[in-house]
Structures are given as C-alpha cells and as structure tokens.
S.K.: 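Dropping a structure here in structure tokens format, bear with me for questions.
Count residues from 1 along the sequence. Scope of the values below: all heavy atoms of this structure, side chains included, with no hydrogens, waters or symmetry mates. These numbers were taken from a predicted model, which means no experiment stands behind them.
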Amino acid sequence: WQDTLLTIDTFSILAVGLLALGLIPFLIRVFFSFEDTRIPFFTSLIGFLSNIALMYIFLPSLGVIGIALAFTISNFVNMILLLVLLQIKIKWIQYAEFFRALSLIVIKTFIALALGYFALAYAKVWFDASRVHGIFLEALVASIVAGGAYLILNWSRTRKIIRGII
C-alpha cells in the first residue's frame with residue numbers, strides 16, 4: 001500500500017509540470033518557425049543540467065519524489081527561459097492576454113478535475129476496487145465526468161473544433 005501512495009504522490013508532482021511539459025514543444029516550434037534552433041538547444045541544455053543538479057540535491061532526502069520534483073522544476077525553468085527569450089526576440093507578445101487565457105484554461109481544468117474526483121469518490125460506493133474491473137469502472141466514470149465537464153465548460157471552443165472536423 002505504501003508503494004501505491006508513493007506512486008500517487010509522484011504522479012501528483014509530475015501532474016503539476018504538465019503545463020510546462022505541454023508548452024515547451026510549442027515554444028520550441030515557434031523558435032523553429034523563425035529558423036532559430038540555437039535558443040531551444042541551449043534552453044533545453046540548461047533545463048537538462050538543472051534537472052541533473054536538482055536530482056542530485058533532492059534524491060538523497062526525497063527519493064523517487066525528488067526525481068519527479070527535479071523533473072517538474074527543470075521543465076518550468078526551460079519553459080520560463082523560452083518565454084523570456086521569445087519576448088526578447090519578438091517584443092510583441094501580449095502577456096496579459098496570454099495569462100488571462102491560460103488562467104481560464106487552468107480554472108476550467110481544475111473544475112473538471114474536481115468534478116471527476118467527486119465522481120470517482122461516488123463511484124467507489126458502487127464498484128469493488130479490490131478487483132481490476134472495479135478500478136477500471138471507477139476510472140471510466142471519473143474520466144467521463146471530468147471529460148464531459150471540460151467539454152461543457154469549453155463549449156464555444158469545442159464547437160469550433162467539432163465544426164472543423166465535420
């Protein structure tokens with residue numbers, strides 16, 4: 001059971017870094033569109049070296065959780081470096097609009113996750129978590145609720161995507 005709790009803690013720390021992990025490839029492609037490969041290389045190198053240094057610091061005291069923490073922090077270092085250097089390169093980034101849109105996405109995502117979490121807690125009443133199929137059904141219910149809530153919260157954007165597909 002301790003291993004399960006350790007896995008949950010590790011994934012929780014890694015989940016915090018998903019924002020940076022998702023933005024880094026996008027920001028790198030922006031630099032590539034300007035035919036600049038040096039900046040993404042050097043920011044990735046700095047992120048990699050910070051990851052190694054942070055693992056060296058965190059691993060003895062935190063163990064596996066230290067590895068996840070180092071990975072998450074180094075991804076944020078890489079993302080922030082890319083954002084700052086992109087601002088220097090193209091001086092017209094509207095950060096106020098960017099962070100407003102980003103904060104709306106984060107808020108809607110947390111609402112959807114909270115609803116998914118409550119659905120998971122409710123599903124535990126109905127399904128036997130000691131069996132694999134029970135855990136699968138709990139996860140399925142939580143995923144449907146969280147995914148549905150996210151689609152509903154982002155309905156205007158979802159409609160545009162659906163129109164583009166059809």
Side-chain angles (χ1 to χ4, degrees), residues 1-31 43-44 47 50-51 54 58 62-87 90 92-166:
W1 184 247
Q2 285 300 98
D3 291 338
T4 303
L5 295 175
L6 183 63
T7 302
I8 291 169
D9 290 341
T10 303
F11 279 142
S12 298
I13 292 171
L14 290 172
V16 171
L18 285 177
L19 172 67
L21 198 60
L23 281 178
I24 288 170
F26 169 74
L27 293 169
I28 287 173
R29 286 181 181 88
V30 171
F31 280 100
T43 59
S44 295
S50 67
N51 191 13
L54 290 169
F58 293 145
L62 298 174
V64 173
I65 292 176
I67 295 172
L69 186 60
F71 182 74
T72 299
I73 292 171
S74 66
N75 278 322
F76 274 103
V77 166
N78 192 356
M79 180 194 73
I80 290 168
L81 284 172
L82 285 168
L83 281 171
V84 167
L85 293 171
L86 185 61
Q87 173 67 31
I90 57 173
W92 49 264
I93 297 176
Q94 298 174 355
Y95 280 109
E97 181 62 27
F98 173 77
F99 285 114
R100 187 188 74 75
L102 183 62
S103 63
L104 283 174
I105 291 169
V106 169
I107 289 168
K108 291 176 181 179
T109 302
F110 277 120
I111 291 170
L113 287 173
L115 291 172
Y117 178 77
F118 290 126
L120 178 64
Y122 185 72
K124 288 182 184 224
V125 173
W126 296 100
F127 302 111
D128 181 16
S130 66
R131 303 259 189 225
V132 173
H133 69 276
I135 294 172
F136 172 77
L137 290 173
E138 288 176 6
L140 181 65
V141 167
S143 298
I144 289 170
V145 169
Y150 188 79
L151 289 174
I152 290 168
L153 289 169
N154 292 292
W155 181 244
S156 64
R157 182 169 290 169
T158 305
R159 280 194 333 237
K160 290 176 187 174
I161 293 170
I162 291 171
R163 285 182 191 152
I165 293 171
I166 296 177

S.K.: For Ile80, enumerate each residue passing the side-chain contact (heavy atoms from CB on, under 4.5 Å) test, keeping only those at least two apart in sequence or located in another chain.
M.R.: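 In terms of side-chain contact (heavy atoms from CB on, under 4.5 Å), with neighbours along the sequence ignored, Ile80 is linked to Val84.
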S.K.: Please give me the minimum heavy-atom distance between Leu120 and Ala139, naming the atom from each residue.
M.R.: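 Looking at all heavy atoms of both residues, the closest pair is CD1-N, 4.4 Å.
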S.K.: With Tyr117, which residues qualify under side chain to side chain donor-acceptor pair (under 3.5 Å), at least two apart?
M.R.: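 Listed in chain order: nothing, the list is empty.
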S.K.: Going through the checks in order, is the side chain to side chain contact (heavy atoms under 4.5 Å, CB included) test met by Leu21 and Phe71?
M.R.: CA-CA 10 Å; Leu21 198 60; Phe71 182 74; 4.1 Å; yes
S.K.: What heavy-atom pair brings Phe31 and Leu85 nearest, and what distance separates the two atoms?
M.R.: CZ-C, 3.9 Å
S.K.: Give, for atom CD1 of Ile73 and atom CZ of Phe58, the distance between the pair rounded to the nearest 0.5 Å.
M.R.: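 Answer for the CD1-CZ pair, Ile73 versus Phe58, is 4.0 Å.
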S.K.: Grab the two heavy atoms, one from Ala146 and one from Gly116, that are nearest each other, plus how far apart they are.
M.R.: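 Minimum heavy-atom separation between Ala146 and Gly116: CB-CA, 3.9 Å.
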S.K.: Report the residues that fulfil side-chain contact (heavy atoms from CB on, under 4.5 Å) with Ile111, sequence neighbours left out, ordered by chain and then residue number.
M.R.: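 Ile107, Leu115, Leu153.
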S.K.: Does Ala119 have any side-chain contact (heavy atoms from CB on, under 4.5 Å) partners at least two apart in sequence or in another chain, and if so, which?
M.R.: Val141, Val145
S.K.: Taking side-chain hydrogen bond (donor to acceptor under 3.5 Å, both in side chains) as the cut-off, I'd like each qualifying pair that reaches into residues 76-86, sequence neighbours left out, listed once.
M.R.: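 Non-adjacent pairs meeting side-chain hydrogen bond (donor to acceptor under 3.5 Å, both in side chains): Thr43-Asn78.
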S.K.: Does anything in residues 64-73 pair up under side-chain hydrogen bond (donor to acceptor under 3.5 Å, both in side chains), and if so which pairs, sequence neighbours excluded?
M.R.: none
S.K.: How many angstroms lie between CD1 in Ile24 and CG in Asn75, if you round to the nearest 0.5 Å?
M.R.: 4.5 Å
S.K.: Evaluate side chain to side chain contact (heavy atoms under 4.5 Å, CB included) for Leu83 paired with Leu27, printing each intermediate quantity in order.
M.R.: CA-CA 7 Å; Leu83 281 171; Leu27 293 169; 3.9 Å; yes
S.K.: Got Leu54 and Leu69 here, is their nearest side-chain heavy-atom distance under 4.5 Å?
M.R.: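 No, side chains not in contact.
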S.K.: Under the rule for side-chain contact (heavy atoms from CB on, under 4.5 Å), what residues qualify as partners of Ala112, not counting sequence neighbours?
M.R.: Ala149, Tyr150
S.K.: Compare every heavy atom of Gly47 with every heavy atom of Ser74, then report the nearest pair and how far apart it is.
M.R.: CB-O, 3.3 Å
S.K.: How far does CD1 of Ile67 sit from CG of Asn51, to the nearest 0.5 angstrom?
M.R.: 9.5 Å
